[in-house]
Amino acid sequence: MSVFSLSQAIQSLVSKLERLDIHQHGEPIIQVSVPVCPLPTIAWLASQPCYPRIYWRGRDTQEEVAAIGSCKDFIFEDAVDDNQLSLAYQQQRALSTNQDIRYYGGVAFDRDTDCWPEYGKAHFVLPRLELRRSGHDYKLVINLNIENEEIEQERQNALQALQQLASPSPLSPPNKIHLLSRSDRPDHRRWTELVNQVTHEKFIKQTPKVVLSRLTQLEINEKVDPWMLLASWQGRNQNSFQFGFQFSPDSAFISCTPERLYRRRQRELFTEALAGTTTRGLNEEEDAMLAQQLLDDSKNSHENQLVRKHIVDALTPLSNYLGADESPKVFKLSHIQHLHRAIRAELKGGVNDFQILQALHPTPAVGGLPKESAINFIRQREGYTRGWYAGACGYFNKHESEFAVAIRSALIEPGRINLFAGAGIVSGSEADAEWHELENKLATILSILTEV
């Protein structure tokens with residue numbers, strides 16, 4: 001098959017769209033694609049003149065997507081119950097039998113509290129244009145939605161989007177920011193109070209785990225390119241999910257997270273228990289010693305086992321078969337290492353992505369156990385709105401879906417960078433040690449941003 005240059009690929013898509021008999025297509029969502037030569041994906045995305053801009057790269061798949069514009073967008077900003085979300089999800093899936101049609105987006109950590117503007121409690125987009133990479137193969141994809149649009153007008157919308165495409169320009173070089181101030185919410189004193197409340201014997205008997213988190217706000221007086229920041233972060237943590245959502249010029253949410261919520265291929269499901277943390281060593285010997293200490297540590301092992309049990313219990317009603325690692329392994333990142341157990345399931349017929357999201361999200365690795373009492377504590381005491389931090393971000397379609405847990409993330413706004421980190425508080429947790437763990441989890445992104 002011929003591989004086109006970007007300009008040739010655009011012209012090929014224009015020709016296909018002009019010849020396309022939309023009336024005979026038979027479905028309201030139409031997708032057309034052509035192969036294209038390799039392009040620097042994030043740089044291509046950052047060069048485009050329109051919004052939204054969406055980026056997705058899987059953790060252990062040779063797949064990368066940059067998407068722009070929207071031909072179908074649905075957002076829930078006000079109170080919404082699961083029945084409404086489930087109905088919206090099922091309606092989208094029913095619009096096309098094409099297994100390549102994808103909706104990208106996210107669900108907030110807590111759908112019962114205030115949400116971030118533009119992001120909402122849930123927000124998903126069928127992009128107008130996508131640049132997709134699978135291994136060494138690239139293709140340029142355009143989507144049309146004639147569900148409620150006049151057919152010829154939608155054709156013109158698609159042609160116009162192609163005409164506006166820009167060639168990739170190099171990303172701006174990474175520069176250290178001039179930091180005006182830093183604030184933490186909760187601060188160290190309040191953090192200590194919260195950890196002591198959670199570990200009090202009366203509380204922890206009923207709620208054995210609460211994942212407390214902290215918002216670190218960096219005040220700046222300069223513009224930060226979120227895509228340059230994500231590309232730099234990506235270079236430090238190759239074995240993580242990397243994604244970003246920029247719905248307008250003023251706000252971008254990016255993440256370089258190690259944690260999979262789930263991956264589904266037809267009825268095959270992959271998920272994991274990722275909980276329990278230590279630092280990396282300065283050399284191989286120290287690194288191996290720290291990893292072994294993590295495996296031997298009763299507090300961290302208990303925390304990971306709680307997460308594993310909850311996920312198995314939640315998936316059992318949806319599955320014909322379920323298998324989970326009995327013993328944890330160590331999952332290594334640039335500055336820290338985690339305990340990790342793989343979990344696999346064969347889903348029952350008819351089980352859909354929304355049911356999986358309901359069962360798994362938020363996991364005990366970001367919320368706690370029991371789920372409701374832990375989240376109620378977070379809602380009432382943590383002191384800020386998590387929004388999409390610790391939420392579920394990814395994509396769904398008929399054939400396969402993948403969602404990551406949006407930890408190790410940043411919300412970039414004019415004059416401010418918001419960073420997030422959390423720690424699982426269980427019996428034996430100590431406030432100062434957990435505070436230090438938060439600092440370790442921010443070490444990679446802070447080393448990119450500031451002189452540390």
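Residue numbers run from 1 in the order of the sequence given. Side chains included, hydrogens not; waters and symmetry mates left out as well; all remaining heavy atoms used.
For the atom pair CD1 of I445 and CG of L449, the computed distance is 4.5 Å after rounding to the nearest 0.5 Å. The line from CD of E284 to CG of D287 is 8.0 Å long, rounded to the nearest 0.5 Å.
Annotation: side chain of V330 is in contact with side chain of L295 (closest heavy-atom distance under 4.5 Å). Residues L140 and I10 meet the side-chain proximity criterion, which asks for heavy atoms closer than 4.5 Å. For the pair R132/R102, a side-chain contact is recorded, criterion being any heavy-atom separation below 4.5 Å from C-beta on. With a 4.5 Å cut-off on side-chain heavy atoms, L194 and P186 count as touching. Looking at V198 and E193, their side chains never come closer than 4.5 Å, going by heavy atoms from C-beta outward.
If you check the side chains of N440 and T279, you find no donor sitting under 3.5 Å from an acceptor. Side chains of Q62 and S134: no donor on one and acceptor on the other come within 3.5 Å. D353 and S401 are linked by a side-chain donor-acceptor pair at a separation below 3.5 angstrom, with hydrogens and angles left out of the test. Side-chain polar atoms of R236 and T444 form no donor-acceptor pair below 3.5 angstrom. For Q48 and R53, the side-chain atoms include no donor-acceptor pair closer than 3.5 Å.
Checked for salt-bridge contact, E437 and K441 meet the test: a charged N lies under 4.0 Å from a carboxylate O. Using a cutoff of 4.0 Å between basic side-chain nitrogens and carboxylate oxygens, K299 and E430 are not scored as salt-bridged. Between R133 and E63 there is no salt bridge, since no side-chain nitrogen of the basic residue lies less than 4.0 Å from a carboxylate oxygen of the acidic one. Between E219 and R416 there is a salt bridge, since at least one side-chain N of the basic residue sits less than 4.0 Å from a carboxylate O of the acidic one. R59 and E272 are joined by a salt bridge, as a carboxylate oxygen and a charged side-chain nitrogen come within less than 4.0 angstrom of each other. With respect to the salt-bridge test (charged N to carboxylate O, under 4.0 angstrom), the residues K121 and D110 do not qualify. Salt bridge annotation for R111-E77: absent, with no cationic side-chain nitrogen under 4.0 angstrom from a carboxylate oxygen. In this structure, D325 pairs ionically with R344, as a charged nitrogen and a carboxylate oxygen lie closer than 4.0 Å.
Other residues, nucleotides and ligands contribute more than 12 heavy atoms inside 6.0 Å of the CD atom of Q380. For H436, the NE2 atom is loosely surrounded, since the number of other residues' heavy atoms within 6.0 Å does not exceed 12. Within 6.0 Å of CD in E222 there are more than 12 heavy atoms belonging to other residues, nucleotides or ligands. The environment of K309 atom NZ is sparse: at most 12 non-hydrogen atoms of other residues, nucleotides or ligands sit within 6.0 angstrom.
G276 and N300 make their closest contact through CA-OD1, 3.1 Å (heavy atoms, listed as atom of the first residue, atom of the second, distance).
Among the candidates F124, F354, Y262, the single residue satisfying the ring-ring contact (aromatic ring centres under 6.0 Å, His included) test with F396 is F124. Y119 pairs in a ring-ring contact (aromatic ring centres under 6.0 Å, His included) with only one of the listed residues (Y389, W388, F109), which is W388.
Taking N418 as the reference, Q217, E413 meet the side-chain hydrogen bond (donor to acceptor under 3.5 Å, both in side chains) condition, with sequence neighbours excluded. Remark: N283 engages no residue in a side-chain hydrogen bond (donor to acceptor under 3.5 Å, both in side chains) (not counting sequence neighbours).
Distance alone, capped at 3.5 Å, places no donor-acceptor pair between the R280 side chain and the Q337 backbone.
Between F247 and F245, the angle of the ring planes stays under 30°, which puts this pair in the parallel group of the 30/60° scheme. Ring orientation note: the planes of F243 and W56 are close to parallel, at an angle under 30° on the 30°/60° scale.
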